[in-house]
Amino acid sequence: MDVNLIMFREDGSKRIFPLEPGGNTIGRKDECNIRIPLATVSRRHAEVSVEDDRVTLRDLGAANGTLLNKKRIEKEDLKPGDQVTVGPIVFTVQIDGNPADHELVEVRSKVPASSHAVRPGGGVVTSKHVYTSDDDIDPIAALEALASSADQTAINAQEDE
């Protein structure tokens, strides 16, 4: 079973998060498969389990809860096109290519400045995401910035040797 969580940015482009078989955690901790380092997201916020013929979303006791199609849940099965909300981030569920790319409903995440988890130096850089201290953050742009930042860090480390 091929399962993706899809997040849209403000300009309508999207970022796809492929999920592995078994449990996939979403939260603030470094160990999470999808890391969202924001104050409104719990350390271990939610888990998406991908089984042979079943995909399940489970809230992991998050203070702000986990929403499925705008309703707070504890544990529910997911189907294609469902909307999963973790803090300010909204993902669309895609299972085995459904809904097809042209059928996806664009639900855009918007991260208000008050929810940032900002480190000294003006931004949050994690192993999987980067968030800056701008008023509104585009989570996908932050991910792309991290990728280029990680590449530059590797280049600098090689030059220092």
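Every heavy atom of this structure was used, including side-chain atoms; hydrogens, water molecules and symmetry mates were not.
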Asks: If you group Ile, Leu, Val, Met, Phe, Trp and Tyr by side-chain heavy-atom gaps below 4.5 Å, do Val50 and Ile73 land in one group?
Replies: yes
Asks: Pair Arg54, Asp77 - check salt bridge (Lys or Arg N to Asp or Glu O under 4.0 Å), show working.
Replies: CA-CA 7 Å; Arg54 186 176 186 183; Asp77 287 340; 2.9 Å; yes
Asks: For Val90 and Met7: C-alpha separation, side-chain torsions, deciding distance, then whether side chain to side chain contact (heavy atoms under 4.5 Å, CB included) applies.
Replies: CA-CA 6 Å; Val90 180; Met7 178 177 64; over 6 Å; no
Asks: Could you give the distance from OG1 (Thr85) to NE2 (His45), rounded to the nearest 0.5 Å?
Replies: 9.0 Å
Asks: Taking only residues two or more places apart in sequence or in another chain, which ones pass side-chain hydrogen bond (donor to acceptor under 3.5 Å, both in side chains) with Asn4?
Replies: Gln94
Asks: What residues, two or more places apart in sequence or in another chain, satisfy side-chain contact (heavy atoms from CB on, under 4.5 Å) together with Leu78?
Replies: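 Per chain and number, Leu78 pairs via side-chain contact (heavy atoms from CB on, under 4.5 Å) with Val48, Val55, Leu57, Leu68, Asp82, Val84, Val93.
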Asks: Within this structure, what is the CD-OG distance for the pair Glu20 and Ser49, rounded to the nearest 0.5 Å?
Replies: 13.0 Å
Asks: So do the side chains of Asp30 and Arg35 get within less than 4.5 Å of each other, counting heavy atoms only?
Replies: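 Yes, at least one pair of side-chain atoms sits under 4.5 Å.
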Asks: Pick one: which of Ile16, Ile89, Leu19 meets side-chain contact (heavy atoms from CB on, under 4.5 Å) with Leu5?
Replies: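 The option that passes is Leu19.
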Asks: Using modelled atom types and a 3.5 Å cut-off, is there a donor and acceptor pairing between side-chain atoms of Asp53 and backbone atoms of Glu51?
Replies: no
Asks: Between Asp59 and Ala46 (side chain of the first, backbone of the second, donor and acceptor by atom type, cut-off under 3.5 Å), is there such a pair?
Replies: no
Asks: Write down the atom of Gly23, the atom of Asn33, and the distance for their closest heavy-atom approach.
Replies: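 That would be O-OD1, 3.9 Å.
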Asks: Which heavy-atom pair separates Ser42 from Ala62 by the least distance, and what is that distance?
Replies: OG-CA, 3.3 Å
Asks: Using the side chain to side chain donor-acceptor pair (under 3.5 Å) rule, take Glu47 and Thr25 through it: C-alpha gap first, then chi angles, then the decisive distance, then the call.
Replies: CA-CA 4 Å; Glu47 180 180 63; Thr25 54; over 6 Å; no
Asks: Any donor and acceptor pair, going by atom type alone, linking the side chain of Arg28 with main-chain N or O of Ile36 inside 3.5 Å?
Replies: no
Asks: Give, for atom CZ of Phe17 and atom CG of Asn24, the distance between the pair rounded to the nearest 0.5 Å.
Replies: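 Nearest 0.5 Å value for the CZ-CG distance: 12.0 Å.
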Asks: Could you measure the distance from the CG atom of Leu60 to the CD atom of Glu74? Nearest 0.5 Å is fine.
Replies: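 Here the rounded value is 11.5 Å.
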Asks: Any chance you could measure Phe91, atom CZ, to Lys14, atom NZ, to the nearest 0.5 Å?
Replies: 15.0 Å
Asks: Going through the checks in order, is the side chain to side chain contact (heavy atoms under 4.5 Å, CB included) test met by Thr92 and Phe8?
Replies: CA-CA 9 Å; Thr92 299; Phe8 288 92; 4.3 Å; yes
Asks: Please name the pair of heavy atoms, one in Pro99 and one in Gly81, separated by the smallest distance, quoted to 0.1 Å.
Replies: CD-N, 3.3 Å
